[in-house]
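As structure tokens, the structure follows; a few thoughts come after it.
All of these numbers come straight from a predicted model, not from anything done at the bench.
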Amino acid sequence: MAACAVLGMTAVAPVAAADAAGPDSAARTPPASAPAGSARTAAPADGPASAGSSVTGSTAVAAAPNDDWLHTDGNKIVDAAGNQVWLTGVNWFGFNASERVFHGLWSANIRTITRQMAERGINTVRVPISTQLLLEWKAGQAVTPNVNTYVNPELAGLNNLQVFDHWLGLCAEYGLKVMLDVHSAEADNSGHVYPVWWKGTITSEQFYQGWEWVTNRYRTNDTIVAMDIKNEPHGTPDSAPRAKWDGSTDQDNFKYACQTAGRRILAINPNLLILCEGIEVYPRPGETWQSPNTDPDRSPNYFYNWWGGNLRGVRDHPVDLGANQDQLVYSPHDYGPLVFEQPWFQKDFDKDTLANDVWRPNWLYLHEENTAPLLVGEWGGRLGQDARQDKWLEALRDLMNDYKIHHTFWCLNPNSGDTGGLLLDDWQTWDEAKYTRILKPVLWQHNGKFVSLDHQVRLGGANSTTGINLTERYAGGGENDTTTPTAPGRPVASDLTATAVTLSWAAASDNVGVTSYDVLRATGSGPAAVVGTVSGTTFRAGSLTPSTTYTFTVRARDAAGNVSVASPGLTVTTPTGGGGEDQGCTATYTLVSSWPGGFQGQIEVKNTGPNAVAGWRLTWTNPTGTAIGSLWNGTLTTSGGRNTVTNVPHNGALAPGATTTVGFTGTGTGTGAGTAPTDLSCAAS
């Protein structure tokens, strides 16, 4: 997403945002990769020391002494010995842009910036590059970059590949690990705006070959531990080119492209983590990639999300890395309202509503269902300028802390136009408020020290007073909180309708404290899946089907990430539709304007019940001689002149007393044109 550099603000597509963005300094021979699915025991990774956090796991096992390669175990990332790790990092862009070198070296010293990142607890650096740059390096066409050699005398006379190698040596010295990210096809400050991984003279095959070249060059250097295959593939179905996600081998299928690149990389070095980002849109149930791309607020055929943030397709079309499946990590991006005014920011929101409405259906489910680890490759933004932006930053920070989700913050650079950076404009002063309030709480810490992913080098270097290495971390791993909460009480149902039910339960207990509850739902004899996460002991479960049997259970989480067993189950059967279903909300019609042959109307939906609702439905019959032309902020179906409108994702949840509106245009010249329907009704769910 957000590397606009000095050229201006990020380009934004509808309902999506953009972003811009040899010598072996620590050579170690990679071991043979373990077979996929092999049993490994994961010891816990800590959260912020102030919170006493840790990640669920067994007692610590001996650290691997000779290398720092990583692999996955369910939704965890672990080292070769099975110790769980937490990648908590930052993005530093510039090699992807026309300058072809880190930005900021015109003002600040490369060693100083690198040392400060490590001393402040950043253990991973995501480095955006371009396929064009890799092909230039492969062809021996490295160029001398424009850096300030007075500030950086050690870089005098070095070409940009030599600068990169020098920096890798600094990372090894300070205990930092590196992730490469092909940010764009071409070396361009705005190259990320192009939606796919090929462009102009750069083909898909060259994209794969660039990855193979850089993998081979650094195949024994475990400073580089991960490859993010392509930044933010995106595009809408009626645009060309665009990225899709399905089971085909089509050129524009990013699932296939990430899988192909990952396999070709792992054939050279089977120890690298392979990160696959999401796309922008995904077809709704019953739709295909050939369905028309209508306005998402009027007649949606697709789920929209941030560029790179939509991983819904993984459920039906998972990436297959073959024998090296335990190197796969999924990597969504997520941003706040100052980057783009997404629909979910246009209502009151908090961590729970964002998790339930946005994060869980798009990517959090992959962690909760133990499919694969998640690494949020980009998140961040400006602090203290917009209350909603600050609320979003804190909500995502807390979610990643709760689940120990890996992440790399966007970004270090102050010249990211729509987010700003951790460094201020002089490239030397840190934004202490942003660092202390937002990033530091989700940097990996243990007993007040930042933890390196290196087994021998402390984060910050050999003499660091702020960091420890991975071996030191697991020398005393037994003192972490590994006590799981007790099971919550069996849920109790109230306010049952054909499409919703309110659940409440007795609280769980914990040796430190319960922080949240997952609500799970099973249909009939099917498997249970998380449908909500709340901090309290009540939840309104919506989107149910009339005359259907459901079983609900609840499980508790503590601050260390320990999860209880599920509560005893509650089984309910929803009644048939109609009758008592029409309660809990009111609908009020207003004529906005009219003209010869047409009119515009508006319906206000208000939650009149004592509890929050998860959704609503309007029904009415068209007045004589009229018909609906177009409608927004709802999903319309019409049969025999009778309209049914259901909420869209961003306006279904209403707190008691809250309202939302549906607008539409109509046609007709009869006596009913523009008059209020006589049978307008509202049903809450």
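- Between D510 and R557 there is no salt bridge, since no side-chain nitrogen of the basic residue lies less than 4.0 Å from a carboxylate oxygen of the acidic one.
- No hydrogens or angles considered: a donor-acceptor pair under 3.5 Å links the side chains of D68 and H455.
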Show the numbers, then the answer: is there a side chain to side chain donor-acceptor pair (under 3.5 Å) between H333 and E232?
CA-CA 8 Å; H333 292 183; E232 295 184 353; 2.7 Å; yes
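- For the atom pair S331 OG and I274 CD1, the distance stands at 12.0 Å (nearest 0.5 Å).
- A search for side chain to side chain contact (heavy atoms under 4.5 Å, CB included) contacts involving R115 returns T112, E119, Y174, not counting sequence neighbours.
- Contacts of T574 classified as side chain to side chain contact (heavy atoms under 4.5 Å, CB included), with partners at least two apart in sequence or in another chain: L496, L544, T548, Y550.
- Residues passing the side chain to side chain contact (heavy atoms under 4.5 Å, CB included) test with T573, sequence neighbours excluded: T549.
- In this structure the side chain of H407 never reaches within 4.5 angstrom of the side chain of L87, judged on heavy atoms.
- Here CG of L520 is found 8.5 Å from OG1 of T533. Values are rounded to the nearest 0.5 Å.
- Residues meeting the ring-ring contact (aromatic ring centres under 6.0 Å, His included) test with F409, sequence neighbours left out: W379.
- Judged by the 6.0 Å and 45° rule, R312 forms a cation-pi pair with F303.
- For E369 and R315, the salt-bridge test passes: some basic side-chain N is under 4.0 Å from an acidic carboxylate O.
- Between F450 atom CZ and S464 atom OG the span is 9.5 Å, to the nearest 0.5 Å.
- For the salt bridge (charged side-chain N to carboxylate O under 4.0 Å, His left out) condition, the pairs that include at least one residue of residues 522-544, sequence neighbours left out, are D495-R540.
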Show your working on side chain to side chain donor-acceptor pair (under 3.5 Å) between D79 and N83 and close with a plain yes or no.
CA-CA 5 Å; D79 70 3; N83 297 302; 3.1 Å; yes
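- Across all non-hydrogen atoms, the minimal contact from D222 to V225 is O-CG1, 3.2 Å.
- Scanning for ring-ring contact (aromatic ring centres under 6.0 Å, His included) contacts around W505 gives Y517, with sequence neighbours left out.
- Counting heavy atoms from C-beta on, the side chains of V90 and T408 never come closer than 4.5 Å.
- Considering only residues two or more places apart in sequence or on other chains, D316 meets the salt bridge (Lys or Arg N to Asp or Glu O under 4.0 Å) condition with none of them.
- Side chains of T429 and L423 form no contact here, defined as non-hydrogen atoms less than 4.5 Å apart.
- Distance check: D334 CG to N305 CG gives 6.5 Å after rounding to the nearest 0.5 Å.
- Residues in residues 355-365 take part in these salt bridge (charged side-chain N to carboxylate O under 4.0 Å, His left out) pairs, two or more places apart or across chains: K347-D357, R360-E368.
- A donor-acceptor contact closer than 3.5 angstrom links the side chains of T551 and T571.
- Here K449 does not pair with E472 in a salt bridge; the nearest charged N to carboxylate O distance is not below 4.0 Å.
- Residues that satisfy the side chain to side chain contact (heavy atoms under 4.5 Å, CB included) test with D320, not counting sequence neighbours, are Q259, R263, Q325.
- With sequence neighbours excluded, the residues forming a disulfide bond (SG atoms under 2.5 Å apart) with C258 are C276, listed by chain and number.
- A donor-acceptor pair shorter than 3.5 Å can be found between the side chains of N562 and D558.
- Between K391 and D348 there is a salt bridge, since at least one side-chain N of the basic residue sits less than 4.0 Å from a carboxylate O of the acidic one.
- Ion pairing between E378 and R126 holds under the 4.0 Å rule for side-chain N and carboxylate O.
- A pairwise comparison of heavy atoms in A556 and A508 identifies CB-CB, 3.6 Å as the closest pair.
- Taking the ring-ring contact (aromatic ring centres under 6.0 Å, His included) definition, one finds that F349 meets it with F345, sequence neighbours left out.
- By the side chain to side chain donor-acceptor pair (under 3.5 Å) test, N310 is found to be paired with no residue, residues two or more places apart in sequence or in another chain being considered.
- Salt-bridge formation is detected for the pair K177/D454: a Lys NZ or Arg NE/NH1/NH2 atom is positioned less than 4.0 Å from an Asp or Glu carboxylate oxygen.
- Of the candidates V125, T124, V457, T223, V125 is the only one forming a side-chain contact (heavy atoms from CB on, under 4.5 Å) with L176.
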